[in-house]
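By convention here, the first residue in the shown sequence is residue 1. Atoms considered below: every heavy atom in the structure, side chains included; atoms not considered: hydrogens, waters and symmetry mates.
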Amino acid sequence: FETFIEKRCVRGAAAVVTVNDGLAGLIAEKYGVKPLVLRNSHDHRLDEAVDVGIRATLGLGENDVIVVCVGNWKRENGVSQAIEAMAGLEARYHLAFMGAGFPSYATQIETLGLSGRVHFLPPVRPTQ
């Protein structure tokens, strides 16, 4: 049913847009319509300077590696699994979640000996 509806929508659309050539090929093959490819990329013109960056906020040095997950917490987003994976990495590796609504993972972090390596930061504007 969904394919039927989608096919009718695609064929009746004024334009079909997707984010890369691979998806455009799949859409063209499935529906016989060649989509316009509009790349999903960062526009540096919208960037705003910040007073203090993530690395400085967390007190990390040049040799520390930080992985940042941006976005608000959602159920089933893999936070526990990511924290667990950190236990297998050297102490110079850090994991930061930047967004709202994260429950406390303090017990898991403490149990795995990751205090000071897993961080939760508030959200910022997308332009930052």
Side-chain angles (χ1 to χ4, degrees):
F1 178 74
E2 287 179 14
T3 300
F4 171 78
I5 296 295
E6 189 172 49
K7 188 176 207 176
R8 291 199 58 157
C9 289
V10 166
R11 289 202 173 144
V16 177
V17 179
T18 190
V19 297
N20 63 48
D21 295 328
L23 288 175
L26 292 172
I27 292 168
E29 183 180 303
K30 186 171 184 177
Y31 298 112
V33 174
K34 184 178 180 189
L36 171 68
V37 175
L38 179 62
R39 305 273 179 219
N40 184 4
S41 61
H42 181 75
D43 187 344
H44 295 282
R45 297 172 300 177
L46 301 176
D47 288 351
E48 294 178 278
V50 295
D51 293 331
V52 181
I54 295 171
R55 185 174 293 281
T57 297
L58 299 176
L60 302 180
E62 281 183 27
N63 294 323
D64 291 316
V65 177
I66 182 168
V67 175
V68 181
C69 178
V70 179
N72 298 329
W73 182 84
K74 295 170 226 42
R75 191 178 356 206
E76 306 300 328
N77 68 351
V79 174
S80 286
Q81 293 88 340
I83 293 171
E84 189 174 324
M86 287 294 296
L89 299 175
E90 298 171 17
R92 68 188 186 104
Y93 289 88
H94 293 257
L95 176 61
F97 296 93
M98 180 175 277
F102 285 88
S104 176
Y105 289 88
T107 301
Q108 181 185 14
I109 292 167
E110 181 72 27
T111 300
L112 294 172
L114 296 173
S115 295
R117 292 183 50 211
V118 178
H119 315 274
F120 294 90
L121 301 166
V124 296
R125 290 188 305 276
T127 52
Q128 294 181 330

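At a threshold of 4.5 Å between non-hydrogen side-chain atoms, the residues Ile66 and Leu60 count as touching. Side-chain contact check for Asn77 versus Phe102: some heavy-atom pair is nearer than 4.5 Å.
The 12-atom threshold is exceeded at CD of Gln128, counting heavy atoms of other residues, nucleotides or ligands nearer than 6.0 Å. Other residues, nucleotides and ligands place more than 12 heavy atoms under 6.0 Å from the CD atom of Glu48.
Leu95 and Ile54 sit in two unconnected hydrophobic clusters of ILVMFWY residues. Membership requires side-chain heavy atoms under 4.5 Å apart, directly or through other members. Criterion: ILVMFWY side-chain heavy atoms under 4.5 Å apart, direct or through other members. Under it, Val65 and Leu112 are part of a common hydrophobic cluster. Val67 is connected to Val118 through a chain of hydrophobic side-chain contacts under 4.5 Å among Ile, Leu, Val, Met, Phe, Trp and Tyr, so both are in one cluster. Val68 and Phe97 are assigned to two separate hydrophobic clusters, defined by single-linkage of ILVMFWY side chains at heavy-atom distances under 4.5 Å. Cluster membership check: Val79 shares its hydrophobic cluster with Tyr93, using side-chain heavy-atom separations under 4.5 Å among Ile, Leu, Val, Met, Phe, Trp and Tyr.
Taking CD of Glu84 as the start and CD of Gln108 as the end, the distance is 6.5 Å to the nearest 0.5 Å. Atom CG in Asp47 sits 3.5 Å away from atom NE2 in His42 (nearest 0.5 Å). The line from CZ of Arg39 to OG1 of Thr18 is 9.5 Å long, rounded to the nearest 0.5 Å. Glu76 CD to Gln81 CD: the interatomic distance, rounded to the nearest 0.5 Å, is 8.0 Å.
With hydrogens and angles ignored, the 3.5 Å screen pairs no side-chain donor or acceptor of Arg117 with any backbone N or O of Ala87. Checked by atom type and distance alone, the side chain of His94 pairs as donor or acceptor with a backbone atom of Gly116 at under 3.5 Å.
Partners of Thr107 according to the side-chain contact (heavy atoms from CB on, under 4.5 Å) rule, which considers only residues two or more places apart in sequence or in another chain, are Thr111.
Nearest heavy atom pair, residue Tyr105 against residue Ser80, reads CE2-OG, 3.4 Å. Counting all heavy atoms, side chain and backbone alike, Pro35 lies closest to Val33 at CD-O, 3.1 Å. Nearest heavy atom pair, residue Leu58 against residue Ala96, reads CD1-CB, 4.3 Å.
For residues 22-36, the side-chain hydrogen bond (donor to acceptor under 3.5 Å, both in side chains) pairs, not counting sequence neighbours, are Glu6-Tyr31.
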